[in-house]
A.B. asks: 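Mind having a look at this structure? Questions to follow.
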Amino acid sequence: MLSISPIPAFSDNYIWHLQQGDKHWVVDPGEADPVVKALRGASLNGILITHHHLDHTGGIASLFKQYQCPVLGPASIEGVTTPLTGGGGVTVLGMPLGVCNIPGHTLDHLALILREPVSERSVQTHLFCGDTLFAAGCGRLFEGTPEQMFHSLAKLGTLDATTRVYCAHEYTLGNLHFAKVVEPGNTAIEQRLSSCQALRDANKPTLPSTIAQELATNPFLRCKVPEVIKSAAHHAGQPHPSTLDQVTVFAILREWKDQF
């Protein structure tokens with residue numbers, strides 16, 4: 001059985017730890033020490049990287065030195081031993097891992113999509129999306145354009161509704177407070193905020209989420225919803241909401257969230 005658990009790092013990062021039997025992989029190790037402690041003497045069999053920011057890559061050199069394991073990720077990153085490209089795929093822990101280009105937060109950002117067979121007829125999909133899709137939010141645009149990020153998120157939104165979403169930061173409560181302001185009539189946001197607050201009060205992670213949850217509560221995936229369009233238009237001082245296309249709505253929301 002595949003086990004996926006978060007390893008806390010820095011103030012709000014999660015390094016995702018994939019374990020199947022005696023095999024261990026990690027995703028986006030910004031630090032090495034928390035990974036070594038989580039392994040409890042076991043070997044590390046591989047590292048997956050979504051993008052080049054240091055809080056996702058800072059532990060690569062130390063972990064590679066200690067474990068001599070493969071490092072899979074964008075070719076632009078120092079220390080990557082197996083470059084990944086969108087549209088390609090590899091096998092990790094005996095399961096297919098698909099790769100999708102999702103520029104916006106950075107230009108080299110990849111989504112890593114692991115498909116776990118759970119029976120003869122069913123597959124559980126696991127999405128490792130770094131800093132592109134967050135629970136009820138999305139990453140800042142450090143390198144890409146609003147149009148790029150919008151289309152990257154749209155790609156992720158087409159994944160199966162039961163897909164589990166493993167983003168790299170514990171930003172959920174702040175994102176949900178923003179979502180509630182954008183779409184105050186959405187009761188699913190209020191319900192999710194309550195349940196996530198209870199998790200954080202118990203010092204538990206709010207992740208993973210699911211694509212279904214994101215489609216229901218994440219304003220950045222709801223740019224065609226009338227209330228979201230109306231809120232964006234009001235914030236931007238646009239008197240005619242119906243003239244705004246989805247990319248423009250997204251751009252307004254992202255700029256708004258930057259200042260929220």
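Here the structure is a predicted model, which is why all the values come from computation and not from measurement. The figures that follow rest on heavy atoms only: side chains count, while hydrogens, waters and symmetry mates do not.
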A.B. asks: Going from CG on D245 to CZ on F150, what distance comes out if it is rounded to the nearest 0.5 angstrom?
C.D. replies: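 D245 atom CG to F150 atom CZ measures 8.0 Å (nearest 0.5 Å).
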A.B. asks: Side chain of E31, backbone of F10: donor and acceptor closer than 3.5 Å?
C.D. replies: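 Pair found, side chain donor or acceptor close to backbone of F10.
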A.B. asks: Do the side chains of L2 and V26 join up, straight or via other hydrophobic residues, at under 4.5 Å, putting them in one cluster?
C.D. replies: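 Different clusters.
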A.B. asks: Scan side-chain atoms only and decide if Q148 and H109 contain a donor-acceptor pair under the 3.5 Å cut-off.
C.D. replies: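 No, no side-chain donor-acceptor contact under 3.5 Å.
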A.B. asks: Which pair of heavy atoms, one from L133 and one from G137, lies closest together, and at what distance?
C.D. replies: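 Of all heavy-atom pairs spanning L133 and G137, the closest is CD1-O, 3.7 Å.
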A.B. asks: Can you give me the closest heavy-atom contact between P8 and P34, atom names plus distance?
C.D. replies: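 P8 and P34 have their closest heavy atoms at O-CB, 3.8 Å.
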A.B. asks: Test your reading of the model: is there a side-chain donor-acceptor pair from T217 to the backbone of Q213, 3.5 Å cut-off?
C.D. replies: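 Yes, because the side chain of T217 sits within donor-acceptor range (under 3.5 Å) of the backbone of Q213.
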A.B. asks: Are L112 and L84 close enough that some pair of their side-chain heavy atoms sits under 4.5 Å apart?
C.D. replies: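 L112 vs L84: side chains touch.
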A.B. asks: Let me confirm one number: the OG-CD distance from S5 to Q19, rounded to the nearest 0.5 Å.
C.D. replies: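 If we round to the nearest 0.5 Å, S5:OG and Q19:CD are 7.5 Å apart.
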A.B. asks: Quick one: does H52's side chain get under 4.5 Å of P74's, heavy atoms only?
C.D. replies: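 In short, these two side chains do not touch, never coming nearer than 4.5 Å.
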A.B. asks: Got a sec: does the CD of E78 have more than 12 other heavy atoms crowding it under 6.0 Å?
C.D. replies: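 Open: at most 12 neighbouring heavy atoms sit under 6.0 Å from CD of E78.
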A.B. asks: Starting at CD1 of I189, measure out to NZ of K180 and round the result to the nearest 0.5 Å.
C.D. replies: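 Between atom CD1 of I189 and atom NZ of K180 there are 9.5 Å.
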A.B. asks: Is any side-chain heavy atom of K257 closer than 4.5 Å to a side-chain heavy atom of F220?
C.D. replies: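 K257 vs F220: side chains touch.
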A.B. asks: Does S122 offer a backbone N or O that forms a donor-acceptor pair with the side chain of S119 under 3.5 Å?
C.D. replies: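 Present.
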A.B. asks: So, does W16 use its side chain to make a donor-acceptor pair with the main chain of W25 at under 3.5 Å?
C.D. replies: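 Answer holds: no.
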A.B. asks: Determine whether P117 and M95 make a side-chain contact, defined as any pair of heavy atoms from C-beta on separated by less than 4.5 Å.
C.D. replies: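 Yes. Closest side-chain heavy atoms under 4.5 Å.
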A.B. asks: Where is the tightest heavy-atom contact between V80 and G73, given as atom of each residue plus distance?
C.D. replies: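 Heavy atoms of V80 and G73 come nearest at CG1-O, 3.6 Å.
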A.B. asks: Which distance, rounded to the nearest 0.5 Å, do you find between the CZ of R115 and the OG1 of T125?
C.D. replies: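 Here the rounded value is 5.0 Å.
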A.B. asks: What is the minimum heavy-atom distance between F142 and H53, and which atoms define it?
C.D. replies: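 Of all heavy-atom pairs spanning F142 and H53, the closest is CD1-CE1, 3.7 Å.
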A.B. asks: Please report the closest heavy-atom contact between A42 and Y67, naming both atoms and the distance.
C.D. replies: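 Heavy atoms only, the tightest pair is O-CE2, 3.7 Å.
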A.B. asks: Treating Ile, Leu, Val, Met, Phe, Trp and Tyr as nodes and any side-chain heavy-atom pair under 4.5 angstrom as an edge, say whether L207 and I4 lie in one connected cluster.
C.D. replies: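 Both belong to a single hydrophobic cluster.
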A.B. asks: Whether D258 and R254 form a salt bridge (side-chain N of Lys/Arg under 4.0 Å from carboxylate O of Asp/Glu) is what I want to check.
C.D. replies: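 Looking at R254 and D258, the cut-off is met.
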A.B. asks: CD1 of I102 to CG of L156: how many Å apart, nearest 0.5 Å?
C.D. replies: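 Going from the CD1 atom of I102 to the CG atom of L156 covers 5.0 Å.
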A.B. asks: Which of parallel (below 30°), tilted (30 to 60°) and perpendicular (above 60°) describes H126 and Y166?
C.D. replies: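 Tilted: the ring planes of H126 and Y166 meet at 30° to 60°.
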A.B. asks: Describe, in one word, how the ring planes of Y171 and F134 are oriented to each other, choosing from parallel (under 30°), tilted (30 to 60°) and perpendicular (over 60°).
C.D. replies: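 Because their plane-to-plane angle is over 60°, the rings of Y171 and F134 count as perpendicular.
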A.B. asks: Would one find more than 12 heavy atoms of other residues, nucleotides or ligands at under 6.0 Å from atom NZ of K155?
C.D. replies: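 For K155, atom NZ is crowded (more than 12 foreign heavy atoms under 6.0 Å).
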A.B. asks: Where do A168 and D131 come nearest, in terms of heavy atoms and distance?
C.D. replies: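 Minimum heavy-atom contact is CB-OD1, 3.6 Å.
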A.B. asks: Indicate the ring-plane relationship of H56 and H51, choosing parallel, tilted or perpendicular according to the 30° and 60° boundaries.
C.D. replies: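 Tilted.
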A.B. asks: Side chain of S152, backbone of P103: donor and acceptor closer than 3.5 Å?
C.D. replies: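 Yes; at least one donor-acceptor contact below 3.5 Å.
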A.B. asks: How about D108 and S76: does a side-chain donor come under 3.5 Å of a side-chain acceptor?
C.D. replies: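 A pair is found: one side chain offers a donor N or O, the other an acceptor, under 3.5 Å apart.
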A.B. asks: Donor-acceptor pair, distance only, cut-off 3.5 Å: does the side chain of Q246 make one with the backbone of T248?
C.D. replies: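 Absent.
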A.B. asks: Return the CG to CG distance between N45 and D22, rounded to the nearest 0.5 Å.
C.D. replies: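 It comes to 7.0 Å.
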A.B. asks: Starting from the C-alpha separation in whole Å, work towards a yes-or-no answer on side-chain contact (heavy atoms from CB on, under 4.5 Å) for K224 and V249.
C.D. replies: CA-CA 8 Å; K224 63 180 180 181; V249 172; over 6 Å; no
A.B. asks: Regarding T163 and D160, do their side chains bring together a donor and an acceptor under 3.5 Å, going by distance alone?
C.D. replies: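 Looking only at side-chain atoms, D160 and T163 do not form any donor-acceptor pair under 3.5 Å.
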A.B. asks: Considering the options N218, N186, L176, N175, which one meets the side chain to side chain contact (heavy atoms under 4.5 Å, CB included) requirement together with R192?
C.D. replies: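 With R192 as partner, side chain to side chain contact (heavy atoms under 4.5 Å, CB included) holds for just one option, L176.
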A.B. asks: Donor-acceptor pair, distance only, cut-off 3.5 Å: does the side chain of D28 make one with the backbone of T50?
C.D. replies: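 A pair under 3.5 Å: yes.
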A.B. asks: Treating Ile, Leu, Val, Met, Phe, Trp and Tyr as nodes and any side-chain heavy-atom pair under 4.5 angstrom as an edge, say whether V36 and I60 lie in one connected cluster.
C.D. replies: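 Looking at the clustering, I60 is in the same group as V36.
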A.B. asks: Examine the side chains of E170 and T206 and answer whether a donor and an acceptor come within less than 3.5 Å of each other.
C.D. replies: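 The answer is yes; a qualifying pair exists.
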A.B. asks: Decide side-chain contact (heavy atoms from CB on, under 4.5 Å) for V182 and W256; before the verdict, give the C-alpha distance in whole Å, the side-chain angles of both, and the deciding distance to 0.1 Å.
C.D. replies: CA-CA 10 Å; V182 173; W256 184 2; 3.8 Å; yes
A.B. asks: Treat each ILVMFWY residue as a node, draw an edge where side-chain heavy atoms are under 4.5 Å apart, and state whether L221 and L127 are in one component.
C.D. replies: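 Hydrophobic grouping puts L221 with L127.
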A.B. asks: Before giving the answer on side-chain contact (heavy atoms from CB on, under 4.5 Å), spell out for N101 and L110 the whole-Å C-alpha distance, their side-chain angles and the decisive distance to 0.1 Å.
C.D. replies: CA-CA 5 Å; N101 289 327; L110 301 175; 3.2 Å; yes
A.B. asks: Under a 3.5 Å distance rule, please check whether E116 uses its side chain to pair with a backbone N or O of M1 as donor and acceptor.
C.D. replies: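 No: the side chain of E116 does not pair with the backbone of M1.
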A.B. asks: Applying side-chain contact (heavy atoms from CB on, under 4.5 Å), run through L199 and T172 and close with a yes or a no.
C.D. replies: CA-CA 11 Å; L199 288 170; T172 311; over 6 Å; no
A.B. asks: According to a 4.5 Å side-chain heavy-atom criterion applied to Ile, Leu, Val, Met, Phe, Trp and Tyr, with indirect links allowed, do I211 and I113 form part of one hydrophobic cluster?
C.D. replies: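 Both belong to a single hydrophobic cluster.
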A.B. asks: Flag the pair L253 / V228 as yes when at least one side-chain heavy-atom distance between them is below 4.5 Å, and no otherwise.
C.D. replies: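 With C-beta onward as the side chain, the pair touches.
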A.B. asks: Under a 3.5 Å cutoff, is there a donor and acceptor pairing between the side chains of T243 and Q238?
C.D. replies: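 Q238 and T243 do not have a side-chain donor-acceptor pair below 3.5 Å.
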A.B. asks: Does a sphere of radius 6.0 Å around CD in E143 hold more than 12 heavy atoms from other residues, nucleotides or ligands, not counting ones at 6.0 Å or beyond?
C.D. replies: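 Counting neighbours around CD of E143, more than 12 heavy atoms of other residues, nucleotides or ligands fall under 6.0 Å, so yes.
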